[in-house]
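These notes concern the structure reproduced below.
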Amino acid sequence: MAGRNQECWDWLYQTAQRRLPLLRWLPKYSLQWLQLDIIAGITVGLTVVPQALAYAEMAGLPMQYGLYSSFMGCFIYCFLGTAKDVTLGPTAIMSLLVSSYAFHDPAYAILLTFLSGCIQLIMGLLHLGFLLDFLSHPVIKGFTSAAAVTIGFNQVKALLGLQNIPRQFFLQVYYTFSRIGEARAGDAILGLICLIVLTGLKQMKSHIPRVHRMEKWSVRISQLIVWATATAHNALVVLFAGLVAYSFQVTGSQPFTLTGTIPQGLPHFQPPPFSKVTPNETVYFGEMVKEMGAGLAVVPLMGLLETVAIAKAFASQNNYQIDPDQELLAMGFTNLLGSFVSSYPVTGSFGRTAVNAQTGVCSPAGGIITGSLVLLSLAFLTSLFYYIPKAALAAVIICAVAPMFDARIFHTLWQVKRLDLVPLCVTFLLCFWEMQYGIVAGVLVSAVLLLYPIARPQIKMYGHEKIVLQPSGGLYFPAIEFLCDTLNKQALSGSPLRTVILDCTHISNIDYTVVVGLTELLQQFRRRRISLIFINMQPQVLQVLLAADLDGFHHGSSLEDAEQSCEEESCTANEALFADSDSLLPTPGIIQ
């Protein structure tokens, strides 16, 4: 009994560890880990605050919603996440999708968060993470590259201080260039300066030499200052731009377009809106869901794809394992609970995760520090955000999304496999029209390229008197008509009619449609007195065909065995024919 109880407790503990990864690393937590996690949390917090303001603007929502979306994931992932480096929050791609499916309405954005969280939770509980495998790498690259161009160009209007520019990409391009003369000089100059400074700081960060313990303390401190400056470049640039704008405000002139008033205080904890009351009508839950349409599939899937891809990348880089299904649960709970604090959908951020890893984070506990900084900003600092120029936030976004555009992928696919350029280009081009159309079209093209070899397998042919055909791959129902046509053509191509041997070496599985097709083929061959012989059949395939009890089915482990079986059956058939002929002769009788 004691042994059984111990096994039960062990099973419960292992299940708890799997569902609460916090239990794996918390017993090993140390003071050194705490120091590094605090530094990483502060660094990521200084990055996420300016990005959150900018991403909310890009999503078409009031800027406080960017901050509302930035803290819940930090706390939830600490308990449920399996990657020490990943940080959850608003991202450029998710903000673009929210802009498309939430119609710049906070009620729709919050409901989309709730429904996305529910879908992600269901996928995690049912272990449906494998669905992400159907998004091929060319489709993902096409989408992210198109998103980088769309997001980057969407910020040009803020960078130049242009107003009333349409959000549809092609109209946006047309009106931006046609109204370039209306650009505000102050916004354009400040935006370009911020771009140059951000680019320079990012380049400087990549060239900072590694600090050695043997260096003098003064050298180590100077390197630390340079590293901190380069790492927190977003916060420093936004702070500098805000000070410049404030100085102009004090003098009575303001050449910049400012962020404006942001409500101070934490969001209320309340259920997401399941209906929306307007002055003219009430939009009920069913109508809201119908209007969001494809967004209910695109948003949760892209959120999962972004998070799992980032987690896998950093887990491989830093030599630890992740659980994709647990990542789905972490994402689902983050969005589900985030909808109660007015969050819009969030996902893993590649840029902030990279900062987290480079800072030396040791556990997901660094997210608690980041989330706390966001909450402090909401509680006490929103009045200072009034003076942040929109051009500076636009520069932050442009620098954040620029690495997402991968021009080398086109050259790589041209060199490796040119056919993969088709889904890449289809996705890339159609995403400029509508994101969901680009993704769906890319998946469909990839599916066609995947299924075509199954429907039209290569068939190796050899032999003269007896023709041997060997399908190079499996045999599934889309291929049976093609196979039967090929066998018929080859059997009838010679004179006299030839014996056909089907080499099943590479056929590991068949379905009922294939059995029906082979039955009809055997009947046709028997009527034409052509022999069809199956050789080298795998046990599971042979079992299916024997169970089907096909008339005229001949098989063998080799060509000789199959021919012998065929000859024996032919002799048996001839004997039966002669016996039937004898039975038709008159029976001798007594002549009266």
Side-chain angles (χ1 to χ4, degrees), residues 93 119 123 126-147 294 297-309 312-313 316 324-325 328 406 408-461 469-487 502-518 538 540-541 544:
I93 288 179
I119 293 170
M123 290 181 66
L126 297 179
H127 304 285
L128 296 180
F130 72 92
L131 293 176
L132 300 178
D133 297 338
F134 290 95
L135 288 173
S136 65
H137 193 70
V139 172
I140 296 170
K141 281 293 184 181
F143 167 72
T144 54
S145 295
V298 174
V299 170
L301 281 177
M302 292 310 301
L304 293 175
L305 174 67
E306 202 169 0
T307 302
V308 173
K312 285 183 176 179
S316 175
D325 290 321
L328 301 185
D406 187 1
R408 293 175 297 178
I409 190 64
F410 295 91
H411 179 263
T412 301
L413 291 182
W414 181 265
Q415 296 291 329
V416 176
K417 189 176 182 182
R418 296 177 184 178
L419 195 60
D420 282 341
L421 281 170
V422 178
L424 173 71
C425 294
V426 167
T427 306
F428 180 75
L429 294 175
L430 286 182
C431 278
F432 291 120
W433 179 25
E434 288 287 349
M435 285 291 168
Q436 68 269 25
Y437 296 157
I439 296 170
V440 171
V443 170
L444 289 177
V445 171
S446 296
V448 169
L449 295 179
L450 176 67
L451 294 175
Y452 185 80
I454 297 175
R456 294 294 182 268
Q458 293 183 355
I459 298 179
K460 183 180 178 181
M461 183 176 60
L469 289 93
Q470 183 189 70
S472 60
L475 186 58
Y476 302 96
F477 68 90
I480 186 59
E481 289 295 331
F482 173 72
L483 178 66
C484 290
D485 290 343
T486 303
L487 291 174
L502 185 62
D503 187 346
C504 303
T505 302
H506 301 299
I507 300 176
S508 59
N509 192 20
I510 60 174
D511 52 43
Y512 182 70
T513 306
V514 174
V515 173
V516 172
L518 292 176
Q538 298 188 26
Q540 63 270 27
V541 176
V544 172

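Here the OH atom belonging to Y476 is positioned 11.0 Å from the CD1 atom belonging to I510, to the nearest 0.5 angstrom. Expressed to the nearest 0.5 Å, how far CG of L502 lies from CG of L475 amounts to 7.5 Å. Atom CG in L421 sits 9.5 Å away from atom OG1 in T412 (nearest 0.5 Å). For the atom pair OG (S145) and CD1 (I140), the distance works out to 11.5 Å, reported to the nearest 0.5 Å. The CG atom of L487 lies 10.0 Å from the CZ atom of F482; values are rounded to the nearest 0.5 Å. For the atom pair M123 CE and L328 CG, the distance stands at 6.0 Å (nearest 0.5 Å).
Q470 meets the side chain to side chain donor-acceptor pair (under 3.5 Å) test with D503; sequence neighbours excluded. For T307, the side chain to side chain donor-acceptor pair (under 3.5 Å) partners two or more places apart in sequence, or in a different chain, are T347.
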Only distances under 3.5 Å count here; give the side-chain donor-acceptor pairs of residues 437-457 to other protein atoms, sequence neighbours excluded, each with its distance to 0.1 Å.
| unit_1 | atom_1 | unit_2 | atom_2 | d |
| --- | --- | --- | --- | --- |
| S446 | OG | S136 | OG | 3.1 |
| S446 | OG | G442 | O | 3.0 |

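Closest non-hydrogen pair, D325 versus L128, comes out as OD1-N, 4.3 Å. In plain terms, the two heavy atoms of F143 and C431 that are nearest each other are CD1-SG, 3.9 Å. Counting all heavy atoms, side chain and backbone alike, A146 lies closest to F432 at O-CE2, 3.7 Å.
You'll find the side chain of S508 reaches within 4.5 Å of the side chain of Q540, heavy atoms only. Side-chain contact between D511 and V514 is present, with heavy atoms from C-beta onward closer than 4.5 Å. A 4.5 Å side-chain heavy-atom check between P471 and I507 finds at least one atom pair inside the cut-off. Residues I459 and L483 form a side-chain contact, since some pair of their non-hydrogen atoms from C-beta on lies under 4.5 Å apart.
Atom CZ of F477 has 12 or fewer heavy atoms from other residues, nucleotides or ligands within 6.0 Å. Heavy atoms of other residues, nucleotides or ligands lying less than 6.0 angstrom from CD of Q415 number more than 12.
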*asked:* Determine whether L518 and I480 satisfy the following criterion, side-chain contact (heavy atoms from CB on, under 4.5 Å), listing intermediate values before the conclusion.
replied: CA-CA 8 Å; L518 292 176; I480 186 59; 4.3 Å; yes

Next item on the list: Applying side-chain contact (heavy atoms from CB on, under 4.5 Å), run through I93 and T144 and close with a yes or a no.
Entry: CA-CA 8 Å; I93 288 179; T144 54; 3.9 Å; yes

